[in-house]
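Data block below; observations after.
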Amino acid sequence: MSRRFERKQNIFRNKDALGESYQPDRIEERDEEIEEYMDALQPVVDGWEPNNIFLYGNTGVGKTAVTDYLMDQLQEDVTDYDDVDLSVISLNCKTLNSSYQVAVELVNKLRPAGGEISSTGYPQQTVFKKLYEELDAIGGTILIILDEVDSIGGRDELLYELPRARANGYLESAKVGVIGISNDFKFREQLDPRVQDTLCERELQFPPYDAPELENILSSRAEVAIAEGAVENGVLNYCAALAARDSGSARQALDLLRLAGEIAENQGDDVIVEDHVETARSRLEQERVEEGMRELTTHGRLALLAVISKAAKEETPCRTRDIYEEYTTLCESSETDTLAQRSLHNHLSDLRMLGILSAHENRSGSRGNYYSYQLDVPFTSAIEAMSDVLRLDGEIQTIREIATMNDVV
DNA sequence: CATCCACTGGAAGATATGGCGA
DNA sequence: TCGCCATATCTTCCAGTGGATG
(Lines give C-alpha, C1' and ligand atoms only; values in the text may rest on other atoms or scores of the structure.)
Protein backbone atom coordinates (compact mmCIF):
# COMPACT_ATOMS: atom_id res chain seq x y z
CA MET A 1 0.00 0.00 0.00
CA SER A 2 1.40 3.39 -0.85
CA ARG A 3 1.04 6.10 1.69
CA ARG A 4 1.42 9.76 1.29
CA PHE A 5 1.18 12.90 3.37
CA GLU A 6 -0.98 15.58 1.98
CA ARG A 7 -1.37 19.04 3.26
CA LYS A 8 -4.87 19.79 4.51
CA GLN A 9 -5.58 23.45 4.89
CA ASN A 10 -9.19 24.00 4.29
CA ILE A 11 -10.10 24.84 7.86
CA PHE A 12 -7.22 26.50 9.64
CA ARG A 13 -5.30 29.56 8.70
CA ASN A 14 -3.16 29.65 11.83
CA LYS A 15 -4.06 26.91 14.23
CA ASP A 16 -1.53 28.07 16.82
CA ALA A 17 -3.76 31.00 17.59
CA LEU A 18 -6.05 28.57 19.37
CA GLY A 19 -3.21 26.94 21.28
CA GLU A 20 -2.01 27.27 24.82
CA SER A 21 1.11 29.25 24.08
CA TYR A 22 -0.39 31.84 21.80
CA GLN A 23 -0.21 35.39 23.05
CA PRO A 24 -2.84 37.60 21.52
CA ASP A 25 -2.04 41.24 20.91
CA ARG A 26 -5.02 42.24 22.89
CA ILE A 27 -6.62 40.62 25.90
CA GLU A 28 -10.38 40.60 25.56
CA GLU A 29 -12.91 41.13 28.29
CA ARG A 30 -10.47 41.73 31.12
CA ASP A 31 -10.15 45.50 31.10
CA GLU A 32 -11.13 46.01 34.72
CA GLU A 33 -8.75 43.36 35.96
CA ILE A 34 -5.92 44.77 33.90
CA GLU A 35 -6.50 48.21 35.30
CA GLU A 36 -6.48 46.97 38.87
CA TYR A 37 -3.45 44.83 38.17
CA MET A 38 -1.54 47.76 36.72
CA ASP A 39 -2.39 49.78 39.76
CA ALA A 40 -0.98 47.05 41.97
CA LEU A 41 2.21 47.03 39.93
CA GLN A 42 2.66 50.80 40.04
CA PRO A 43 5.27 50.77 42.85
CA VAL A 44 7.60 48.85 40.54
CA VAL A 45 7.64 51.74 38.10
CA ASP A 46 7.97 54.24 40.90
CA GLY A 47 11.01 52.42 42.20
CA TRP A 48 9.53 51.33 45.52
CA GLU A 49 9.31 47.86 46.92
CA PRO A 50 6.76 45.98 44.87
CA ASN A 51 3.43 44.85 46.23
CA ASN A 52 2.80 41.21 46.72
CA ILE A 53 -0.12 40.27 44.58
CA PHE A 54 -2.44 37.32 44.72
CA LEU A 55 -4.61 36.35 41.79
CA TYR A 56 -7.28 33.79 41.92
CA GLY A 57 -9.91 32.39 39.63
CA ASN A 58 -10.65 29.14 37.78
CA THR A 59 -8.37 27.78 35.10
CA GLY A 60 -8.66 29.50 31.78
CA VAL A 61 -10.06 32.82 32.96
CA GLY A 62 -7.03 34.78 31.84
CA LYS A 63 -4.87 35.00 34.96
CA THR A 64 -1.73 33.73 33.30
CA ALA A 65 -2.44 35.43 30.00
CA VAL A 66 -2.97 38.81 31.64
CA THR A 67 0.11 38.35 33.77
CA ASP A 68 2.31 37.49 30.78
CA TYR A 69 0.93 40.40 28.87
CA LEU A 70 1.46 42.88 31.68
CA MET A 71 4.95 41.65 32.47
CA ASP A 72 6.01 42.21 28.87
CA GLN A 73 4.49 45.64 28.98
CA LEU A 74 6.04 46.45 32.33
CA GLN A 75 9.51 45.36 31.32
CA GLU A 76 9.29 47.47 28.24
CA ASP A 77 7.95 50.58 29.95
CA VAL A 78 10.40 50.41 32.79
CA THR A 79 13.33 50.88 30.45
CA ASP A 80 12.39 54.58 30.44
CA TYR A 81 13.62 54.88 34.00
CA ASP A 82 17.29 54.34 34.63
CA ASP A 83 16.90 53.74 38.34
CA VAL A 84 14.60 50.76 37.92
CA ASP A 85 16.24 47.46 37.23
CA LEU A 86 13.49 44.90 36.84
CA SER A 87 13.77 41.14 36.59
CA VAL A 88 10.84 38.80 36.28
CA ILE A 89 11.08 35.18 37.30
CA SER A 90 8.20 33.01 36.40
CA LEU A 91 7.60 29.50 37.65
CA ASN A 92 4.76 27.08 37.29
CA CYS A 93 4.37 25.17 40.54
CA LYS A 94 1.99 22.54 39.20
CA THR A 95 4.32 19.61 39.78
CA LEU A 96 5.94 21.08 42.87
CA ASN A 97 4.30 19.94 46.04
CA SER A 98 5.99 22.02 48.68
CA SER A 99 7.68 25.30 49.42
CA TYR A 100 10.90 23.39 49.53
CA GLN A 101 10.58 22.20 45.96
CA VAL A 102 9.53 25.60 44.72
CA ALA A 103 12.59 27.10 46.36
CA VAL A 104 14.84 24.46 44.81
CA GLU A 105 13.30 25.09 41.43
CA LEU A 106 13.80 28.85 41.75
CA VAL A 107 17.43 28.39 42.70
CA ASN A 108 17.98 26.11 39.74
CA LYS A 109 16.31 28.58 37.45
CA LEU A 110 18.67 31.31 38.57
CA ARG A 111 21.83 29.27 38.52
CA PRO A 112 23.81 28.72 35.37
CA ALA A 113 23.46 25.31 33.77
CA GLY A 114 25.51 22.75 35.63
CA GLY A 115 25.18 24.48 39.01
CA GLU A 116 21.76 23.06 39.79
CA ILE A 117 21.03 21.57 43.16
CA SER A 118 19.11 18.36 43.68
CA SER A 119 15.57 18.29 44.93
CA THR A 120 16.10 16.60 48.30
CA GLY A 121 18.75 16.31 50.92
CA TYR A 122 19.27 19.88 52.12
CA PRO A 123 17.64 21.34 55.17
CA GLN A 124 14.93 23.75 54.11
CA GLN A 125 16.69 26.83 55.44
CA THR A 126 19.79 26.00 53.44
CA VAL A 127 17.78 26.10 50.25
CA PHE A 128 16.19 29.39 51.21
CA LYS A 129 19.61 30.81 51.91
CA LYS A 130 20.84 29.75 48.50
CA LEU A 131 17.81 31.39 47.00
CA TYR A 132 18.50 34.67 48.79
CA GLU A 133 22.07 34.61 47.56
CA GLU A 134 20.93 34.22 43.98
CA LEU A 135 18.33 36.94 44.31
CA ASP A 136 20.77 39.36 45.87
CA ALA A 137 23.21 38.66 43.09
CA ILE A 138 20.63 39.80 40.58
CA GLY A 139 19.60 42.80 42.64
CA GLY A 140 17.15 45.50 41.66
CA THR A 141 13.44 44.82 41.62
CA ILE A 142 12.54 41.18 41.22
CA LEU A 143 9.05 39.93 40.60
CA ILE A 144 8.58 36.26 41.28
CA ILE A 145 5.53 34.82 39.61
CA LEU A 146 4.32 31.58 41.10
CA ASP A 147 1.69 30.11 38.83
CA GLU A 148 -0.60 27.48 40.31
CA VAL A 149 0.81 28.05 43.78
CA ASP A 150 -2.06 26.16 45.32
CA SER A 151 -0.26 22.92 44.55
CA ILE A 152 2.06 23.53 47.49
CA GLY A 153 -0.95 23.02 49.75
CA GLY A 154 -0.46 24.00 53.34
CA ARG A 155 3.31 23.94 53.16
CA ASP A 156 3.62 27.62 52.61
CA GLU A 157 6.84 28.56 54.44
CA LEU A 158 8.34 30.08 51.32
CA LEU A 159 5.41 32.41 50.95
CA TYR A 160 6.00 33.49 54.51
CA GLU A 161 9.73 33.94 54.09
CA LEU A 162 10.08 35.57 50.70
CA PRO A 163 8.12 38.75 51.33
CA ARG A 164 9.92 39.23 54.64
CA ALA A 165 13.38 38.44 53.41
CA ARG A 166 14.38 42.05 53.04
CA ALA A 167 12.97 43.15 56.38
CA ASN A 168 14.78 40.27 58.04
CA GLY A 169 18.06 41.29 56.51
CA TYR A 170 18.46 38.29 54.21
CA LEU A 171 18.43 40.51 51.18
CA GLU A 172 20.55 43.59 50.73
CA SER A 173 20.14 44.83 47.22
CA ALA A 174 17.10 43.01 45.91
CA LYS A 175 13.50 44.18 46.23
CA VAL A 176 11.29 41.16 45.84
CA GLY A 177 7.62 41.03 45.01
CA VAL A 178 5.69 37.78 44.87
CA ILE A 179 2.81 37.29 42.50
CA GLY A 180 0.85 34.20 43.42
CA ILE A 181 -1.62 32.72 40.99
CA SER A 182 -4.12 30.16 42.17
CA ASN A 183 -6.96 28.18 40.64
CA ASP A 184 -8.30 27.31 44.01
CA PHE A 185 -10.44 29.74 45.94
CA LYS A 186 -10.02 27.80 49.12
CA PHE A 187 -6.25 28.05 48.92
CA ARG A 188 -6.21 31.53 50.35
CA GLU A 189 -8.09 30.40 53.43
CA GLN A 190 -5.84 27.49 54.18
CA LEU A 191 -2.78 29.72 54.22
CA ASP A 192 -1.17 30.74 57.45
CA PRO A 193 -2.83 34.01 58.51
CA ARG A 194 0.53 35.76 58.48
CA VAL A 195 1.03 34.67 54.89
CA GLN A 196 -2.42 35.93 53.99
CA ASP A 197 -1.52 39.34 55.36
CA THR A 198 1.59 39.75 53.27
CA LEU A 199 1.02 37.74 50.15
CA CYS A 200 -2.46 39.02 49.69
CA GLU A 201 -1.59 42.70 49.98
CA ARG A 202 -3.30 43.16 46.69
CA GLU A 203 -5.85 40.62 45.63
CA LEU A 204 -7.33 40.27 42.22
CA GLN A 205 -10.20 38.02 41.48
CA PHE A 206 -10.78 36.80 37.96
CA PRO A 207 -14.39 35.74 37.55
CA PRO A 208 -15.36 33.06 35.04
CA TYR A 209 -16.27 34.31 31.61
CA ASP A 210 -19.91 34.20 30.72
CA ALA A 211 -21.14 32.93 27.37
CA PRO A 212 -21.17 36.26 25.47
CA GLU A 213 -17.67 37.07 26.69
CA LEU A 214 -16.44 33.67 25.61
CA GLU A 215 -18.03 34.13 22.24
CA ASN A 216 -16.20 37.42 21.83
CA ILE A 217 -12.90 35.84 22.69
CA LEU A 218 -13.57 32.95 20.37
CA SER A 219 -14.48 35.11 17.45
CA SER A 220 -11.45 37.33 17.81
CA ARG A 221 -9.20 34.28 17.88
CA ALA A 222 -11.08 32.54 15.13
CA GLU A 223 -10.44 35.52 12.88
CA VAL A 224 -6.75 34.77 13.08
CA ALA A 225 -6.90 31.02 13.34
CA ILE A 226 -9.58 29.86 11.00
CA ALA A 227 -10.11 30.32 7.33
CA GLU A 228 -12.85 32.58 6.06
CA GLY A 229 -16.23 30.91 6.14
CA ALA A 230 -14.97 27.68 7.67
CA VAL A 231 -17.14 28.01 10.75
CA GLU A 232 -20.84 27.51 10.49
CA ASN A 233 -23.05 30.12 12.06
CA GLY A 234 -23.77 29.33 15.69
CA VAL A 235 -20.77 27.11 16.22
CA LEU A 236 -18.83 29.71 18.18
CA ASN A 237 -21.94 30.36 20.16
CA TYR A 238 -22.24 26.67 20.89
CA CYS A 239 -18.61 26.33 22.03
CA ALA A 240 -19.04 29.36 24.21
CA ALA A 241 -22.20 28.01 25.74
CA LEU A 242 -20.64 24.63 26.52
CA ALA A 243 -17.61 26.19 28.15
CA ALA A 244 -19.63 28.77 30.05
CA ARG A 245 -21.92 26.11 31.43
CA ASP A 246 -19.02 23.99 32.55
CA SER A 247 -16.16 26.13 33.76
CA GLY A 248 -16.28 29.60 32.27
CA SER A 249 -12.85 28.86 30.89
CA ALA A 250 -11.56 30.39 27.70
CA ARG A 251 -9.01 27.60 27.54
CA GLN A 252 -11.80 25.05 27.36
CA ALA A 253 -13.71 27.00 24.75
CA LEU A 254 -10.62 27.36 22.58
CA ASP A 255 -9.73 23.70 22.97
CA LEU A 256 -13.22 22.75 21.87
CA LEU A 257 -12.97 24.89 18.79
CA ARG A 258 -9.50 23.70 17.89
CA LEU A 259 -10.35 20.04 18.27
CA ALA A 260 -13.62 20.48 16.43
CA GLY A 261 -11.63 22.01 13.60
CA GLU A 262 -9.20 19.13 13.56
CA ILE A 263 -12.01 16.64 13.48
CA ALA A 264 -13.69 18.46 10.62
CA GLU A 265 -10.41 18.57 8.76
CA ASN A 266 -9.76 14.87 9.23
CA GLN A 267 -13.19 14.04 7.95
CA GLY A 268 -12.51 16.13 4.91
CA ASP A 269 -15.21 18.67 5.74
CA ASP A 270 -14.75 22.29 4.77
CA VAL A 271 -16.83 23.79 7.53
CA ILE A 272 -16.94 23.23 11.28
CA VAL A 273 -20.44 22.36 12.42
CA GLU A 274 -22.00 21.63 15.81
CA ASP A 275 -21.58 17.89 15.39
CA HIS A 276 -17.83 18.33 15.27
CA VAL A 277 -17.96 20.32 18.48
CA GLU A 278 -20.02 17.62 20.11
CA THR A 279 -17.47 14.97 19.14
CA ALA A 280 -14.69 17.23 20.36
CA ARG A 281 -16.42 17.67 23.68
CA SER A 282 -16.67 13.98 24.43
CA ARG A 283 -13.15 13.34 23.23
CA LEU A 284 -11.74 16.04 25.50
CA GLU A 285 -13.69 14.63 28.38
CA GLN A 286 -12.25 11.20 27.76
CA GLU A 287 -8.72 12.54 27.42
CA ARG A 288 -9.05 14.21 30.78
CA VAL A 289 -10.03 10.95 32.40
CA GLU A 290 -7.37 8.88 30.69
CA GLU A 291 -4.80 11.42 31.74
CA GLY A 292 -5.90 10.96 35.33
CA MET A 293 -5.69 7.19 35.04
CA ARG A 294 -2.22 7.21 33.59
CA GLU A 295 -0.90 8.95 36.66
CA LEU A 296 -2.24 6.42 39.13
CA THR A 297 0.07 4.33 41.27
CA THR A 298 -0.03 0.55 41.22
CA HIS A 299 -2.51 0.36 44.04
CA GLY A 300 -4.57 3.18 42.63
CA ARG A 301 -4.91 1.15 39.46
CA LEU A 302 -5.72 -2.01 41.32
CA ALA A 303 -8.39 -0.14 43.23
CA LEU A 304 -9.88 1.14 40.00
CA LEU A 305 -9.59 -2.27 38.40
CA ALA A 306 -11.49 -3.74 41.32
CA VAL A 307 -14.35 -1.36 40.65
CA ILE A 308 -14.18 -2.09 36.93
CA SER A 309 -14.37 -5.77 37.66
CA LYS A 310 -17.40 -5.21 39.86
CA ALA A 311 -18.95 -3.16 37.11
CA ALA A 312 -18.39 -5.96 34.62
CA LYS A 313 -20.34 -8.28 36.89
CA GLU A 314 -23.05 -5.67 37.14
CA GLU A 315 -22.45 -5.41 40.85
CA THR A 316 -22.00 -1.66 41.05
CA PRO A 317 -22.75 0.60 42.85
CA CYS A 318 -20.83 -1.21 45.43
CA ARG A 319 -19.69 -0.57 48.97
CA THR A 320 -16.11 -0.26 50.19
CA ARG A 321 -16.10 -3.66 51.82
CA ASP A 322 -16.96 -5.50 48.62
CA ILE A 323 -14.50 -3.50 46.57
CA TYR A 324 -11.88 -4.38 49.13
CA GLU A 325 -12.58 -8.08 48.66
CA GLU A 326 -12.32 -7.77 44.91
CA TYR A 327 -9.17 -5.75 45.32
CA THR A 328 -7.64 -8.41 47.55
CA THR A 329 -8.13 -11.15 44.99
CA LEU A 330 -6.67 -8.95 42.28
CA CYS A 331 -3.64 -8.34 44.47
CA GLU A 332 -3.19 -12.05 44.88
CA SER A 333 -3.37 -12.66 41.14
CA SER A 334 -0.75 -10.04 40.56
CA GLU A 335 1.39 -11.13 43.49
CA THR A 336 1.16 -7.70 45.04
CA ASP A 337 0.88 -7.11 48.78
CA THR A 338 -2.54 -5.90 49.79
CA LEU A 339 -3.00 -2.61 51.56
CA ALA A 340 -5.17 -1.99 54.56
CA GLN A 341 -8.78 -1.12 53.91
CA ARG A 342 -8.20 2.42 55.06
CA SER A 343 -5.64 2.87 52.30
CA LEU A 344 -7.96 1.48 49.68
CA HIS A 345 -10.46 4.00 50.93
CA ASN A 346 -7.89 6.73 50.25
CA HIS A 347 -7.41 5.51 46.71
CA LEU A 348 -11.13 5.42 46.15
CA SER A 349 -11.35 9.01 47.38
CA ASP A 350 -8.64 10.02 44.96
CA LEU A 351 -10.45 8.34 42.10
CA ARG A 352 -13.57 10.16 43.12
CA MET A 353 -11.78 13.48 43.03
CA LEU A 354 -10.45 12.71 39.57
CA GLY A 355 -14.00 12.21 38.42
CA ILE A 356 -13.33 8.59 37.53
CA LEU A 357 -15.59 7.20 40.22
CA SER A 358 -18.71 8.64 41.69
CA ALA A 359 -20.06 7.81 45.09
CA HIS A 360 -23.41 8.21 46.67
CA GLU A 361 -23.97 8.20 50.38
CA ASN A 362 -26.02 5.45 51.95
CA ARG A 363 -27.51 6.37 55.26
CA SER A 364 -29.07 3.16 56.38
CA GLY A 365 -29.41 3.82 60.05
CA SER A 366 -28.50 0.99 62.30
CA ARG A 367 -26.78 -0.70 59.39
CA GLY A 368 -24.36 2.16 59.09
CA ASN A 369 -23.43 4.94 56.74
CA TYR A 370 -21.20 4.24 53.81
CA TYR A 371 -20.51 5.19 50.22
CA SER A 372 -21.51 3.22 47.19
CA TYR A 373 -19.04 3.64 44.38
CA GLN A 374 -19.52 3.23 40.69
CA LEU A 375 -17.68 4.16 37.53
CA ASP A 376 -18.29 7.69 36.42
CA VAL A 377 -16.75 7.14 32.99
CA PRO A 378 -17.75 4.83 30.16
CA PHE A 379 -16.82 1.24 30.97
CA THR A 380 -14.96 0.87 27.71
CA SER A 381 -12.65 3.81 28.19
CA ALA A 382 -11.94 2.73 31.74
CA ILE A 383 -10.89 -0.77 30.82
CA GLU A 384 -9.03 0.51 27.80
CA ALA A 385 -6.88 2.71 30.00
CA MET A 386 -6.26 -0.20 32.32
CA SER A 387 -4.92 -2.52 29.68
CA ASP A 388 -1.30 -2.06 30.69
CA VAL A 389 -1.59 -2.87 34.39
CA LEU A 390 1.23 -5.10 35.51
CA ARG A 391 0.86 -8.83 35.27
CA LEU A 392 -2.90 -8.76 35.02
CA ASP A 393 -3.52 -9.27 31.33
CA GLY A 394 -5.33 -12.51 32.07
CA GLU A 395 -7.62 -10.94 34.63
CA ILE A 396 -8.38 -7.98 32.43
CA GLN A 397 -9.27 -10.37 29.63
CA THR A 398 -11.58 -12.22 31.98
CA ILE A 399 -13.20 -8.99 33.10
CA ARG A 400 -13.72 -8.09 29.45
CA GLU A 401 -15.40 -11.40 28.77
CA ILE A 402 -17.67 -11.11 31.77
CA ALA A 403 -18.56 -7.61 30.68
CA THR A 404 -19.42 -8.76 27.19
CA MET A 405 -21.55 -11.57 28.60
CA ASN A 406 -23.44 -9.12 30.76
CA ASP A 407 -23.72 -6.58 27.99
CA VAL A 408 -21.99 -3.91 30.02
CA VAL A 409 -21.01 -0.79 28.12
C1' DC B 1 -34.18 8.62 73.71
C1' DA B 2 -30.02 6.01 73.89
C1' DT B 3 -27.61 2.86 71.14
C1' DC B 4 -25.56 1.01 67.17
C1' DC B 5 -23.78 0.17 62.65
C1' DA B 6 -20.25 0.64 58.94
C1' DC B 7 -18.09 3.55 57.51
C1' DT B 8 -15.66 8.33 56.60
C1' DG B 9 -12.04 11.47 57.08
C1' DG B 10 -8.48 13.59 59.95
C1' DA B 11 -4.08 13.10 62.16
C1' DA B 12 0.04 11.20 63.72
C1' DG B 13 3.46 7.87 63.22
C1' DA B 14 6.04 4.18 60.51
C1' DT B 15 8.73 2.75 56.52
C1' DA B 16 11.34 3.15 52.47
C1' DT B 17 13.86 5.77 49.08
C1' DG B 18 17.22 8.94 47.59
C1' DG B 19 20.33 12.72 48.55
C1' DC B 20 23.39 15.86 51.44
C1' DG B 21 27.78 16.95 54.04
C1' DA B 22 31.53 15.32 56.97
C1' DT C 1 30.41 5.25 56.35
C1' DC C 2 27.05 7.90 59.44
C1' DG C 3 23.69 11.12 60.85
C1' DC C 4 20.49 14.28 58.72
C1' DC C 5 16.93 15.86 55.54
C1' DA C 6 12.61 15.76 52.45
C1' DT C 7 9.01 13.07 50.46
C1' DA C 8 5.69 9.50 49.13
C1' DT C 9 3.00 6.01 50.57
C1' DC C 10 1.02 3.22 54.21
C1' DT C 11 -0.74 1.94 58.78
C1' DT C 12 -2.85 2.73 63.12
C1' DC C 13 -5.97 5.04 65.89
C1' DC C 14 -10.02 7.46 66.62
C1' DA C 15 -13.64 10.84 66.86
C1' DG C 16 -17.59 11.81 64.20
C1' DT C 17 -22.11 10.73 61.46
C1' DG C 18 -27.15 10.17 61.46
C1' DG C 19 -31.08 7.22 60.41
C1' DA C 20 -32.95 2.82 62.20
C1' DT C 21 -33.86 0.06 66.09
C1' DG C 22 -35.41 -1.33 70.52
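Side chains included, hydrogens not; waters and symmetry mates left out as well; all remaining heavy atoms used. In what follows, chains are A, B, ... by sequence order, proteins preceding strands, each numbered from 1.
Rounded to whole Å, the distance from CG on N369(A) to P on dT8(B) is 9 Å. What separates OH of Y324(A) from P of dA6(B) is a distance of 17 Å, to the nearest Å. Between the CG atom of D322(A) and the P atom of dA6(B) there is a distance of 12 Å, rounded to whole Å. In this structure, Y373(A) atom OH and dC7(B) atom P are separated by 10 Å, rounded to whole Å. Distance, L344(A) CG to dG9(B) P: 13 Å, rounded to whole Å. Taking atom CZ of residue R321(A) and atom P of nucleotide dT8(B), one finds them 11 Å apart after rounding to whole Å. Taking atom CD of residue Q101(A) and atom C1' of nucleotide dG18(B), one finds them 13 Å apart after rounding to whole Å. Going from atom CG of L348(A) over to atom P of dC7(B) covers 12 Å, rounded to whole Å.
Judged by distance alone, with hydrogens and angles left aside, the side-chain atoms of N52(A) form a donor-acceptor pair with the main-chain N or O of V178(A) at under 3.5 Å. The backbone N or O of E215(A) sits less than 3.5 Å from a side-chain atom of S219(A), completing a donor-acceptor pair. Checked by atom type and distance alone, the side chain of S173(A) never pairs as donor or acceptor with a backbone atom of G139(A) at under 3.5 Å. Of the possible donor and acceptor atoms, none in the side chain of S333(A) sits under 3.5 Å from a partner among the backbone N and O of C331(A). Within the 3.5 Å criterion, the main-chain N or O of S364(A) finds no donor-acceptor partner in the side chain of N362(A).
Counting non-hydrogen atoms under 4.0 angstrom, H345(A) reaches a base of the nucleic acid. Backbone-only contact: T297(A) has heavy atoms under 4.0 Å from sugar-phosphate atoms and none from a base. Note on S343(A): a base of the nucleic acid sits closer than 4.0 angstrom, heavy atoms only. In this structure, N97(A) reaches the sugar-phosphate backbone alone: every heavy-atom distance under 4.0 Å involves primed, P, OP1 or OP2 atoms, never a base.
Remark on DNA chain B: of its neighbouring residues G365(A) and S372(A), the 5'-side contact belongs to G365(A), judged by nearest-heavy-atom nucleotide. Comparing R363(A) and R342(A) by the nucleotide of DNA chain C whose heavy atom lies nearest to each, the residue mapping closer to the 5' end is R342(A). Nucleotides of DNA chain B nearest to S366(A) and S119(A) differ in position, and the one nearer the 5' end is that of S366(A).
Between R352(A) and dG9(B), a side-chain N or O to OP1/OP2 separation shorter than 4.0 Å is present. Contact check, R319(A) against dA6(B): no side-chain N or O comes under 4.0 Å of OP1 or OP2.
The stretch residues 151-173 of chain A participates, sequence neighbours left out, in these ring pair (Phe, Tyr, Trp, His ring centres under 6.0 Å) pairs: Y132(A)-Y170(A).
Candidate nucleotides dG21(B), dG9(B), dA6(B) were compared by shortest atom distance to the side chain of Y122(A), and dG21(B) ranks first.
A cation-pi contact, defined as under 6.0 Å to the ring centre and within 45° of the axis, is absent between R26(A) and Y69(A).
Counting heavy atoms from C-beta outward, P43(A) and E49(A) have side chains that stay 4.5 Å or more apart.
Heavy-atom contacts of chain A under 4.0 Å fall on DNA chain C between two terminal nucleotides, which in 5' to 3' order are dC5(C) to dT21(C).
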